[in-house]
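Values below: every heavy atom of this structure, side chains too, minus hydrogens, waters and symmetry copies. Numbering of ligands and ligand atoms starts at 1, following listing order.
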Amino acid sequence: MIIRPRRLRRSRTIRDMVRETRLSKQDFIAPLFVKPGRGVKEPISSMPGQYHFSVDTVVKEAEALWASGVVSVILFGLPDRKDASGTRSWAEDGVVQQAVSAVKGALPDMMVITDVCLCEYTDHGHCGVITNGEVDNDATLALLARQAVSHARAGADTVAPSDMMDGRVAAIREALDSEGYQNTLILSYAVKYASAFYGPFREAAESAPQFGDRAGYQMDPANTREALKEVELDIREGADMVMVKPAMPFLDIIVKVKEASLLPVAAYNVSGEYAMIKAAEEKGWLDGDRSMMEMLTSIKRAGADLILTYFAKTAARCLDADMP
Ligand code: PBG
């Protein structure tokens with residue numbers, strides 16, 4: 001007798017019935033970039049299909065996402081001006097603050113998340129303030145807390161610190177609570193590696209560091225136990241959800257974080273993961289949609305409850321088309 005696993009693969013129907021991992025539209029969080037102006041929708045060259053929006057057009061894009069079944073967005077800002085301490089990051093009339101209130105005004109049920117970090121707002125491009133040539137952890141905490149509170153005040157449902165300073169989840173939680181924002185969630189970029197896959201994002205967000213690199217605060221891609229330590233600390237500091245970033249080169253880390261924590265786990269399918277598939281698709285080397293769905297399914301299979309992905313709208317369309 002031969003044991004025949006292939007019997008379970010012979011038709012689409014049986015394959016669908018025994019499928020272990022299913023993507024759904026609620027898994028996706030779509031990143032959007034907002035800049036000053038009106039009527040802006042400028043393509044980002046390193047990320048085909050992604051745009052810089054102004055506040056008015058980002059609302060249209062959020063509406064299109066919502067109509068396609070994507071229920072959440074994360075907003076990144078390109079400020080009107082940058083300075084040494086990123087003061088525009090907590091401005092009441094900052095681009096992100098305006099975009100948050102405009103999107104929430106149009107779509108009150110959408111889960112609006114904001115990226116909390118200084119790198120888009122500092123003239124040196126680092127994620128914190130610089131003291132004696134180094135990113136100053138403790139001086140940065142108060143600024144991140146201020147930024148997070150300004151996002152909450154504008155109506156953000158969730159703030160997502162991506163700076164990798166020590167102690168920032170606690171600092172942000174405390175500031176939110178003391179300002180009356182007990183219900184604002186914190187999605188911590190708990191495990192953020194110093195990755196080459198952020199390349200296209202730094203063009204999109206105009207946030208490349210002007211000197212040095214981010215290895216002094218982001219994690220070494222070779223480390224696993226350090227990831228679990230970061231998750232443990234962020235849980236203790238009051239994070240509601242934890243994130244692993246990037247996703248595809250760190251699927252093993254997603255598995256371990258899921259095992260180690262009781263919080264929802266998010267994974268960031270970053271700009272480089274998007275750009276690689278888009279570039280290979282343009283050259284005719286890969287089937288873009290199938291590669292995308294396989295990649296997103298792998299991220300979910302590894303244990304991600306939520307996936308931040310530039311593919312959100314396209315993936316929602318593929319799910320509508322009942323693509324496996
Ligand atoms: C900002 C931030 C980065 C990303 C998200 N938030 C870039 C960085 O750390 O340089 C990367 C996202 C992507 O590559 O898609 N701190």
Side-chain angles (χ1 to χ4, degrees), residues 28-34 44-52 73-79 82 86 88-89 95-96 113-122 124-130 135 137 140-141 143-144 147-148 151 156 158-166 168-169 172 186-221 230 242-250 266-279 292 295-296 299 304 306-312:
F28 306 139
I29 298 168
L32 296 174
F33 299 99
V34 199
I44 297 168
S45 64
S46 54
M47 300 174 71
Q50 302 299 310
Y51 300 88
H52 286 137
V73 292
I74 178 165
L75 301 176
F76 294 90
L78 288 82
K82 305 189 187 221
R88 294 300 289 164
S89 71
V95 269
V96 165
I113 307 175
T114 55
D115 185 81
V116 172
C117 194
L118 293 185
C119 65
E120 295 124 69
Y121 303 92
T122 51
H124 46 73
H126 277 288
C127 302
V129 285
I130 306 291
V135 174
N137 192 92
T140 301
L141 297 182
L143 308 187
L144 295 168
Q147 186 184 353
H151 292 169
T158 300
V159 293
S162 68
D163 51 281
M164 288 303 277
M165 297 303 117
D166 296 330
R168 93 272 207 205
V169 172
I172 289 171
I186 299 180
L187 163 59
S188 170
Y189 287 68
V191 182
K192 181 171 177 180
Y193 287 98
S195 172
F197 289 92
Y198 307 150
F201 174 93
R202 291 182 188 168
E203 183 200 318
E206 295 170 2
S207 66
Q210 300 304 303
F211 66 91
D213 57 31
R214 303 210 203 290
Y217 39 105
Q218 298 180 351
M219 287 173 43
D220 181 343
E230 286 285 1
V242 287
M243 191 198 300
V244 174
K245 177 184 173 191
M248 201 161 53
F250 297 93
Y268 202 138
N269 179 219
V270 300
S271 57
E273 298 172 63
Y274 176 83
M276 303 198 277
I277 287 185
K278 294 307 263 187
M292 164 192 76
M295 175 172 66
L296 295 173
I299 296 168
L306 299 167
I307 306 172
L308 293 88
T309 180
Y310 302 97
F311 283 117

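Looking at Ser271 next to ligand 1, an N or O pair under 3.5 Å apart turns up. Taking distance alone, with nitrogen or oxygen atoms compared against 3.5 Å, Ser207 stays at or beyond that limit from ligand 1.
In Tyr310, the part holding a heavy atom less than 4.0 Å from any atom of ligand 1 is the side chain. The proximity of Asp115 to ligand 1, defined as any non-hydrogen pair under 4.0 Å, is limited to the side chain.
Residue contact check: Cys117 has heavy atoms under 4.0 Å from atoms 16 (N) of ligand 1. In the vicinity of Lys245, heavy-atom distances shorter than 4.0 Å reach the ligand 1 atoms 2 (C), 3 (C), 4 (C), 5 (C), 6 (N), 11 (C), 12 (C). When each atom of ligand 1 is checked for a heavy atom of Gln218 under 4.0 Å away, the hits are 8 (C), 9 (O). If you number the atoms of ligand 1 from 1 as listed, the ones under 4.0 Å from a heavy atom of Phe76 come out as 5 (C), 6 (N). Residue Tyr268 approaches ligand 1 through these ligand atoms, each under 4.0 Å from one of its heavy atoms: 12 (C), 15 (O).
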Test side-chain contact (heavy atoms from CB on, under 4.5 Å) on Glu120 and Asp115 and set out the steps.
CA-CA 10 Å; Glu120 295 124 69; Asp115 185 81; 3.6 Å; yes
Given side chain to side chain donor-acceptor pair (under 3.5 Å), test Gln218 with Ser195 step by step and report yes or no.
CA-CA 8 Å; Gln218 298 180 351; Ser195 172; over 6 Å; no
Please test Met248 against Met276 for side-chain contact (heavy atoms from CB on, under 4.5 Å), starting from the C-alpha separation and ending with a verdict.
CA-CA 12 Å; Met248 201 161 53; Met276 303 198 277; 3.7 Å; yes
side-chain contact (heavy atoms from CB on, under 4.5 Å) evaluation trace for Met164 with Cys117:
CA-CA 9 Å; Met164 288 303 277; Cys117 194; over 6 Å; no
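Among all non-hydrogen protein atoms, the one lying nearest atom 12 (C) of ligand 1 is Phe201 CD1, 3.3 Å. Among protein heavy atoms, the minimum distance from atom 2 (C) of ligand 1 is reached at Lys192 NZ, 3.3 Å.
Ring geometry, Tyr268 versus Phe76: the interplanar angle falls from 30° to 60°, so the pair is classed tilted. Aromatic ring pairs are classed by plane angle as parallel below 30°, tilted from 30° to 60° and perpendicular above 60°; the pair Phe33 and His52 is perpendicular.
Ligand 1 is approached by Cys119 to a heavy-atom distance shorter than 4.0 Å.
Partner of Thr140 under the side-chain contact (heavy atoms from CB on, under 4.5 Å) criterion, chosen from Asp166, Leu118, Asp163: Leu118.
Of all the heavy atoms in Tyr121 and Gly77, the pair that sits closest is OH-CA, 3.6 Å.
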